[in-house]
Q: 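Below: one structure in structure tokens.
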Amino acid sequence: MPKIKSVKCHPVSAPIERPFTSSRGWLYKTRGSCIVEIETNDGLVGWGECYGPALVAKSYIDTQFSSRLIGRDPFDVEVIWEDLYNRMKDYGSSGMVISAMSGIDIALWDIIGKESRKPIHKLIGGCFRSEVQCYATGLYFIDMDRLVEEAVEEACGYADEGFPAIKMKIGLGDIRFDIRRVEAVRKSIPDNIRLMVDANHCYSVAQAIRIGRELEQLNIEWFEEPISPEDLDGYTEVSRTLDIAIAGGENEFTRWGFRDIVARKAMDIIQPDVCAAGGISECRKIAALALAHGVECVPHAWGSVIGLAATLHFLAALPDQPPSFKPMPPLLEFEQCENPFRDLLSREPITHRSGLVQIPTGDGLGIEIDRHILERFRVS
């Protein structure tokens, strides 16, 4: 049996040509990530990714986790997860420590798949689908003098590419302007294209209900992160008041973090991120918890091709929600902002064709990492 020989972190960062922002007000000038590489004594390499600030994740792995992994059997992935979690939970059971664990977990599943010569989805329950519909995440705020025009142009471009769904950003500090921008986009794309909005938790409960009532009139699929993630009572109020589906949870962690959300049905759709919420192992538990409570699970995805591939395997093994003659399978979030680590890090990038993405069929994650990209964009 293979044993873990080494654990390395590759923090990477790349500048982008067109900086963008959302309601949070942070100007994205770079894209980056913490890429995790785990090697076994027989030469197998597994790749993982940690969501969030790369050097923070690297610090956790280098100082707290790597020494606990050396010499262990990567097939003990759940045993390792529990060991790492219990090692650190006295100091905090959410946040970047779980993100660091997520990268390790994904890398271990990649090794298990390569050793077994099977794709990850075959090891976590099987493949409910060989391809998934994806939605384009975009329509951030770039040109402050053309916020409506640029949103319409970008949305029409995604429609022309064949995306069946689009998610746009809102939260410009003026609810009337937000609605005007959404309305312009809705009118510019065909009626059969699903449109979602993401506020990045910028509204109060009252503001979210007010704008939500207007969004309902525009045939919006879901209203993502309307309010602060800490306010579970507020989410419950917004969800109960509005008819539009309420989504959230991209910044929640582990089964314990999602427990009260799904038990109270504070959200209609939960969005765990496999690179943040605890990896593939933990997201399977989160999804089972959601399904048991009748809450939809549509994972968040924002990062490199590693996180995208891991999300695809997770989606492949999710049952239809609910099963039916013509089910509505979960969507893949396929963010479209400039990102060299999504487009260049794998020798064969993951792409869509008319809004459909194939589930990888190669061993493990099913991707081959280009080490030249890691070296080119490494943060020293």
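Remember, predicted model here, so these are calculated numbers, not experimental data.
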Q: Of all residues at least two apart in sequence or in a different chain, which pass the side chain to side chain contact (heavy atoms under 4.5 Å, CB included) check with Lys5?
A: Glu39

Q: Could you pull out all residues at least two apart from Pro74 that satisfy side chain to side chain contact (heavy atoms under 4.5 Å, CB included)?
A: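 Partners of Pro74 under the side chain to side chain contact (heavy atoms under 4.5 Å, CB included) test: Pro2, Ile4, Thr40, Leu108, Ile111.
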
Q: side-chain hydrogen bond (donor to acceptor under 3.5 Å, both in side chains) with Glu17: which residues, sequence neighbours excluded?
A: none

Q: Can you sort out the partners of Arg146 under salt bridge (charged side-chain N to carboxylate O under 4.0 Å, His left out), two or more places apart, ordered by chain and number?
A: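 For Arg146, the residues satisfying salt bridge (charged side-chain N to carboxylate O under 4.0 Å, His left out) (neighbours in sequence not counted) are Glu153.
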
Q: Would you call Arg180 and Glu214 a salt bridge, taking side-chain N to carboxylate O under 4.0 Å as the test?
A: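 Glu214 and Arg180: not salt-bridged.
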
Q: Can you run down the ring pair (Phe, Tyr, Trp, His ring centres under 6.0 Å) pairs that involve residues 249-288, sequence neighbours left out, and say none if there aren't any?
A: Tyr85-Trp256

Q: Let me check something: any side-chain donor-acceptor pairs from residues 224-236 under 3.5 Å, sequence neighbours excluded? List them with distances.
A:
from: Glu224; atom 1: OE1; to: Lys167; atom 2: NZ; distance (Å): 2.8
from: Glu224; atom 1: OE1; to: Trp222; atom 2: NE1; distance (Å): 3.1
from: Glu224; atom 1: OE1; to: Gln271; atom 2: NE2; distance (Å): 2.9
from: Glu224; atom 1: OE2; to: Lys167; atom 2: NZ; distance (Å): 3.1
from: Glu225; atom 1: OE2; to: Asn251; atom 2: ND2; distance (Å): 3.0
from: Ser228; atom 1: OG; to: Glu230; atom 2: OE1; distance (Å): 2.1
from: Asp231; atom 1: OD1; to: Gly234; atom 2: N; distance (Å): 2.8
from: Asp233; atom 1: OD1; to: Arg264; atom 2: NH1; distance (Å): 3.4
from: Asp233; atom 1: OD1; to: Arg264; atom 2: NH2; distance (Å): 2.5
from: Tyr235; atom 1: OH; to: Ile227; atom 2: O; distance (Å): 2.9
from: Thr236; atom 1: OG1; to: Leu232; atom 2: O; distance (Å): 3.0

Q: Taking side chain to side chain contact (heavy atoms under 4.5 Å, CB included) as the definition, give me every residue that meets it alongside Pro190, ordered by chain and number, with sequence neighbours left out.
A: Ala159, Asn192, Ile193

Q: For Arg371, check salt bridge (charged side-chain N to carboxylate O under 4.0 Å, His left out) against everything at least two apart and list the hits.
A: Glu37

Q: Taking side chain to side chain contact (heavy atoms under 4.5 Å, CB included) as the test, write out the residues that go with Cys9, two or more places apart.
A: Cys34, Lys58, Ile61, Asp62

Q: How are the rings of His121 and His313 set to each other: parallel, tilted or perpendicular (split at 30° and 60°)?
A: parallel

Q: Who are the salt bridge (charged side-chain N to carboxylate O under 4.0 Å, His left out) partners of Glu335, not counting sequence neighbours?
A: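 Testing Glu335 for salt bridge (charged side-chain N to carboxylate O under 4.0 Å, His left out), a comparison that skips the adjacent residues, returns Arg31, Arg342.
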
Q: State which residues pass salt bridge (charged side-chain N to carboxylate O under 4.0 Å, His left out) with Glu82; sequence neighbours excluded, sorted by chain then number.
A: Arg255

Q: What class does the angle between the rings of Phe65 and Tyr60 fall in, given that below 30° is parallel, 30 to 60° is tilted and above 60° is perpendicular?
A: parallel

Q: For Lys265, give me all partners under side-chain hydrogen bond (donor to acceptor under 3.5 Å, both in side chains), at least two apart in sequence or on another chain.
A: none

